[in-house]
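Working notes for the structure below.
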Amino acid sequence: MAIKIFNTLTKQKEELIPIEPGKIRMYLCGPTVYDFFHIGNARPFIIYDIFRRYLSYRGFEVKFVMNITDIDDKIIKKSADEQVDAATVAQKYSDAFFEDIKKLGIQPADKYPRATENIPEIIALIEKLVDKGLAYVVDGDVFFSVSDFQNYGKLSGKNIDQLKSGARIEVDSRKKNPLDFALWKTVKEGEPYWDSPWGRGRPGWHIECSVMSMKCLGETFDIHAGGADLIFPHHENEIAQSEGATGKQFVRYWLHNGFLNIEGEKMSKSLGNFFTTREILTQYPAEVLRIFFLMKHYRSPVNFSEELVQQAQNALERIITTISNIDVALDQSQRELSGEAALTESIDALRDGFIAEMDDDFNTAGAMSKIFDLVKEANLILTKTQYSDADYLALQKIKETIVEFDSFLGILSYKQHQQTTITEEALIEILLNVRSELRRRKIFDLSDEIREKLIALGVEIHDRPDKPIWRKK
RNA sequence: GGCGGCGUAGCCAAGUGGCUAAGGCGGAGGUCUGCAAAACCUCUAUUCAUCGGUUCGACUCCGAUCGCCGCCUCCA
């Protein structure tokens with residue numbers, strides 16, 4: 001079945017047809033490394049990690065590239081504020097970036113090109129644009145001339161005249177059109193610079209993405225993704241630069257995720273509602289953040305709050321509990337299992353349903369409901385006092401299905417956070433054995449006291465007919 | 001002012017021109033249990049912001065109104 005994705009360029013869902021059959025070339029706008037990234041930034045990193053892995057799961061060979069913008073106004077500002085050079089700032093926060101995405105369970109991209117490592121290519125592209133008459137040089141600055149590029153505005157649905165009338169920007173009088181944007185900025189006192197045909201300077205924002213994406217993925221590639229705020233001007237400008245230079249279509253499918261708000265407000269430092277991902281990760285495991293985003297549609301805005309994350313965590317624990325209950329049940333099945341699994345039809349239907357949801361513009365929220373249905377099916381079996389072979393096989397099948405989907409969801413590793421040391425386990429076992437003996441002798445006040453104290457330590461006890469089981473909360 | 005999006009139960013959140021409007025969280029009652037916990041069962045939207053229109057039929061399509069938000073300036 002075909003995979004459909006919503007393309008910002010056409011504003012509709014389209015079947016995903018790769019340029020090269022079986023292969024997807026995908027680019028995600030990565031971080032500008034001037035600070036720790038915040039929880040709003042984490043959303044695209046997480047969801048596109050999931051999409052990319054899902055496409056692999058569906059049999060595509062995916063080449064996934066994410067850039068590191070390591071030279072830019074904000075980095076320069078930070079370096080001035082902190083009295084260190086720009087390269088040091090960039091290094092510090094790009095190291096932090098890699099640490100954080102690793103903690104988020106994000107698989108490394110195939111390539112992480114850096115702007116500063118592609119200066120010759122950037123200069124070459126600008127020269128090409130100048131040669132073609134799409135860019136002009138003023139006092140060592142180079143600007144892209146939007147009025148000379150026919151399709152300017154095709155991604156964001158804006159046209160040059162509308163933009164002009166709505167423009168609130170200070171107009172640089174050297175620009176031919178107020179919307180013209182800088183490709184190359186001439187150096188200012190104390191700033192890092194590179195030599196160029198127009199004198200010393202540095203690349204403008206936007207140009208590095210055009211250069212690095214085309215360098216790594218070709219002049220036309222399949223998917224370009226990022227936050228909705230990048231549609232204009234960043235991605236619009238990338239199209240202008242790239243298509244202006246090559247005369248070819250730059251990107252087939254543009255994907256944009258919705259924003260993350262705090263209490264319905266955009267997150268910003270001035271409002272004081274700014275949370276870095278590393279702060280959040282000290283309070284919640286990555287898997288909780290992943291399922292939090294999974295249970296919402298990627299194009300919708302989401303609110304972020306303690307309460308909502310807690311809801312997601314409780315939902316995740318439901319899945320984890322069932323999986324570990326399945327494990328306990330399967331451990332008990334000493335015999336060879338034979339025959340047909342129970343509920344085969346219903347499990348297969350849920351599995352197909354999950355994939356159908358994912359295929360429909362990555363509807364993770366719809367897909368997750370199928371996981372919960374699988375969990376429910378498992379729980380229904382687990383409630384029985386005795387399991388048949390068919391029951392065991394069904395449990396096995398349900399678990400395998402969820403584990404398989406977890407190859408891109410990345411949420412089951414949550415149970416690692418509940419893990420205990422061997423010593424802890426041994427001690428808990430001793431206490432439970434004592435408690436079982438107390439219960440056998442009907443000394444319930446003492447057995448309950450052991451239970452209460454263990455719960456206080458975060459160890460939950462469930463008395464089953466055969467023997468008690470426990471888990472760390 | 002221009003462009004775009006959203007408004008579904010206490011909360012979060014999918015979805016569809018007509019079968020019972022997914023799923024999660026929370027809550028209530030019950031089963032199980034020595035008591036619990038976990039799990040299970042039942043209940044928790046006659047209704048999808050409001051008002052009109054199109055239609056045999058709309059929550060889903062169209063229009064208006066109200067409310068919220070984003071982009072148009074750095075931003076995921």
Side-chain angles (χ1 to χ4, degrees), chain A residues 8 11 28-32 34 37-48 72-74 77 153 156-159 161-170 179 205 225-234 236 256-261 264-269 291-292 294-297 299-303 305 307-319 321-322 324-325 328 353 357 360 363-373 375-376 378-385 439-440 442-445 447-448 451-452 455 460-465 468-471 473:
Chain A
T8 309
K11 298 186 178 41
L28 172 62
C29 280
T32 298
Y34 71 104
F37 68 85
H38 57 67
I39 186 64
N41 297 320
R43 186 181 195 187
F45 297 152
I46 289 172
I47 60 156
Y48 297 120
D72 142 286
D73 292 354
K74 284 183 302 233
K77 183 174 185 304
S156 53
K158 300 174 191 298
N159 68 55
D161 297 336
Q162 283 171 354
L163 284 164
K164 252 191 234 172
S165 59
R168 288 186 267 139
I169 30 174
E170 272 180 60
L179 295 163
W205 186 40
D229 57 327
L230 294 181
I231 295 171
F232 191 91
H234 186 58
E236 194 68 71
H256 293 97
N257 60 279
F259 250 54
L260 178 143
N261 300 315
E265 298 260 312
K266 187 171 165 174
M267 184 160 56
S268 79
K269 280 183 175 165
I291 200 168
F292 173 82
L294 279 166
M295 290 178 75
K296 287 143 179 89
H297 191 102
R299 282 191 280 116
S300 305
V302 303
N303 252 312
S305 74
E307 188 199 348
L308 298 176
V309 179
Q310 192 57 54
Q311 284 190 6
Q313 179 155 22
N314 292 347
L316 176 56
E317 282 181 359
R318 180 180 171 81
I319 299 170
T321 298
T322 296
S324 78
N325 287 344
V328 170
E357 294 284 7
D360 182 13
N363 186 354
T364 56
M368 287 308 291
S369 77
K370 309 300 179 193
I371 299 268
F372 287 105
D373 289 340
V375 163
K376 185 158 195 160
N379 284 336
L380 277 164
I381 296 172
L382 289 165
T383 297
K384 298 184 180 177
T385 45
R439 292 181 66 220
R440 203 181 58 76
K442 302 205 187 304
I443 308 176
F444 293 120
D445 50 346
S447 71
D448 286 354
R451 181 173 65 199
E452 292 312 316
I455 287 172
E460 253 180 23
I461 296 175
H462 314 311
D463 290 321
R464 299 194 151 224
I469 62 166
W470 62 275
R471 70 187 179 108
K473 188 72 173 146

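In the text below, chain A, chain B and the rest are named by the order of the sequence lines, each starting its count at 1. A quick note: this is a predicted structure, and the numbers were derived from the prediction, not measured. Just so you know, these numbers use all the heavy atoms, side chains as well, and skip hydrogens, waters and symmetry mates.
Taken from CZ in Arg299(A) to CG in Asn257(A), the straight-line distance is 11.0 Å, to the nearest 0.5 Å. Within the model, atoms NE2 of His256(A) and CD1 of Ile231(A) stand 4.5 Å from one another, a figure rounded to the nearest 0.5 Å. To the nearest 0.5 Å, atom CD of residue Glu236(A) and atom CG of residue Leu230(A) are 12.5 Å apart. The CD1 atom of Ile371(A) sits 11.5 Å away from atom OG1 of Thr322(A), with the distance rounded to the nearest 0.5 Å. With rounding to the nearest 0.5 angstrom, the CD1 atom of Ile47(A) is 8.0 Å from the OG1 atom of Thr364(A).
Using P as the reference atom, G23(B) and A45(B) are 13 Å apart when rounded to the nearest Å. U31(B) and A36(B) have their P atoms separated by 11 Å, given to the nearest Å. Atom name P, nucleotides A76(B) and G7(B): the rounded distance is 26 Å, in whole Å. Across the P atoms, A64(B) and G26(B) are found 42 Å apart, a figure rounded to whole Å. The same atom, C1', is picked in U16(B) and in A22(B); the two are 11 Å apart, to the nearest Å. With P as the reference atom, A49(B) and A13(B) are 15 Å apart, rounded to whole Å. Rounded to whole Å, the separation between the C1' atoms of C71(B) and G53(B) comes to 32 Å. Using C1' as the reference atom, C48(B) and U8(B) are 4 Å apart when rounded to the nearest Å.
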Intermediate values then yes/no, side chain to side chain contact (heavy atoms under 4.5 Å, CB included), Gln313(A) and Val309(A): CA-CA 6 Å; Gln313(A) 179 155 22; Val309(A) 179; 5.6 Å; no
Run the side chain to side chain contact (heavy atoms under 4.5 Å, CB included) test on Leu382(A) and Val328(A) for me, step by step, so that the C-alpha distance in whole Å, both residues' side-chain angles and the decisive distance to 0.1 Å come before the verdict. CA-CA 10 Å; Leu382(A) 289 165; Val328(A) 170; over 6 Å; no
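Applying the side chain to side chain donor-acceptor pair (under 3.5 Å) test between Asn314(A) and each of Gln310(A), Arg318(A), Gln311(A) identifies Gln310(A) as the sole match.
In this structure, U20(B) forms no base pair with any nucleotide, since neither Watson-Crick nor G-U wobble geometry is met with both distances under 3.5 Å. A 3.5 Å limit on both hydrogen-bonding distances identifies G70(B) as the Watson-Crick or G-U partner of C3(B). The base-pairing partner of A49(B), taking Watson-Crick or G-U wobble contacts with both distances under 3.5 Å, is U65(B). The base-pairing partner of U60(B), taking Watson-Crick or G-U wobble contacts with both distances under 3.5 Å, does not exist among the strands shown. Within the shown strands, C25(B) is the pairing partner of G10(B) under the Watson-Crick or G-U definition, both distances less than 3.5 Å.
The distance from atom NE2 of His234(A) to atom C1' of C71(B) is 15 Å, rounded to the nearest whole Å. Between Lys158(A) atom NZ and G1(B) atom C1' there is a gap of 12 Å when expressed in whole angstrom units. Atom P of nucleotide C35(B) and atom CG of Asp445(A) are separated by 16 Å, given to the nearest angstrom. If you measure from atom CG of Asn379(A) to atom P of G24(B), you get 10 Å, rounded to the nearest angstrom. Leu230(A) places its CG atom 14 Å from the C1' atom of U73(B), with the value rounded to the nearest Å. The distance between atom CG of Asp73(A) and atom C1' of C74(B), rounded to the nearest whole Å, is 8 Å. Following rounding to the nearest Å, Gln310(A) (CD) and G27(B) (P) show an atom-to-atom distance of 12 Å. Between the C1' atom of A36(B) and the CG atom of Asp448(A) lies a distance of 7 Å, rounded to the nearest Å.
Heavy atoms of Leu260(A) sit under 4.0 angstrom from at least one base atom. As judged by a 4.0 angstrom heavy-atom cut-off over every strand, Ile231(A) is placed among residues making no nucleic acid contact. When heavy atoms are screened at a 4.0 angstrom cut-off, Arg299(A) is found touching no nucleic acid atom at all. Base contact: Gly40(A) has a heavy atom under 4.0 Å from a base atom. Using a 4.0 Å heavy-atom cutoff across all strands shown, Asp373(A) reaches sugar-phosphate atoms only and no base atom. Residue Thr383(A) is classed as a sugar-phosphate contact, given heavy-atom separations below 4.0 Å to backbone atoms only. Counting non-hydrogen atoms under 4.0 angstrom, Phe372(A) reaches the backbone sugars and phosphates but no base. Using a 4.0 Å heavy-atom criterion, one finds that Gln313(A) contacts no nucleic acid atom at all.
Both geometric conditions, a ring-centre gap below 5.5 Å and a plane tilt below 30°, are fulfilled for Phe259(A) over the base of A76(B).
Side chain of Asp463(A), nearest nucleotide from A22(B), G2(B), A36(B): A36(B). Of the candidate nucleotides C11(B), C71(B), G34(B), C71(B) has the atom nearest to the side chain of Phe232(A). Ranking A76(B), G24(B), C69(B) by closeness to the Asn261(A) side chain, first place goes to C69(B). Distances were taken from every side-chain heavy atom of His462(A) (C-beta onward) to each of C3(B), C40(B), A37(B); the shortest belongs to A37(B). Checked against A37(B), A76(B), C35(B), the side chain of Glu460(A) finds its nearest nucleotide in A37(B). The side chain of Arg451(A) lies closest to C35(B), out of A76(B), C40(B), C35(B).
Between Arg464(A) and A38(B) there is no side-chain polar atom (N or O) within less than 4.0 angstrom of OP1 or OP2. The side chain of Asn314(A) contributes an N or O atom lying less than 4.0 Å from OP1 or OP2 of G26(B). Taking only side-chain nitrogens and oxygens, Asn41(A) comes nearer than 4.0 Å to OP1 or OP2 of A76(B). Contact annotation: Lys11(A) does not reach the phosphate of G5(B) (side-chain N/O to OP1 or OP2, under 4.0 Å).
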Can you give me the N/O atom pairs linking the protein to nucleotides 12-16 of chain B at distances under 3.5 Å, or say none if there are none?
residue	atom	partner	partner atom	Å
C12(B)	O4'	Gln311(A)	OE1	3.4
C12(B)	O2'	Lys296(A)	NZ	3.2
A14(B)	OP1	His297(A)	N	2.7
A14(B)	O3'	Asn363(A)	ND2	3.0
A14(B)	O2'	Asn363(A)	ND2	3.3
G15(B)	OP1	Asn363(A)	ND2	3.2

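At a threshold of 4.0 Å, the pair Arg451(A)-Asp448(A) counts as salt-bridged, since one of the basic side-chain nitrogens sits closer than that to a carboxylate oxygen.
Both Phe444(A) and Thr322(A) lie close to RNA chain B; mapped to their nearest nucleotides by heavy-atom distance, the more 5′-ward contact belongs to Phe444(A). Comparing Lys376(A) and Thr321(A) by the nucleotide of RNA chain B whose heavy atom lies nearest to each, the residue mapping closer to the 5' end is Thr321(A).
Taking a 6.0 Å sphere around NZ of Lys442(A), one finds it holds 12 or fewer heavy atoms contributed by other residues, nucleotides or ligands.
Remark: the backbone N or O of Asp72(A) is not paired with any side-chain donor or acceptor of Tyr34(A) at under 3.5 angstrom.
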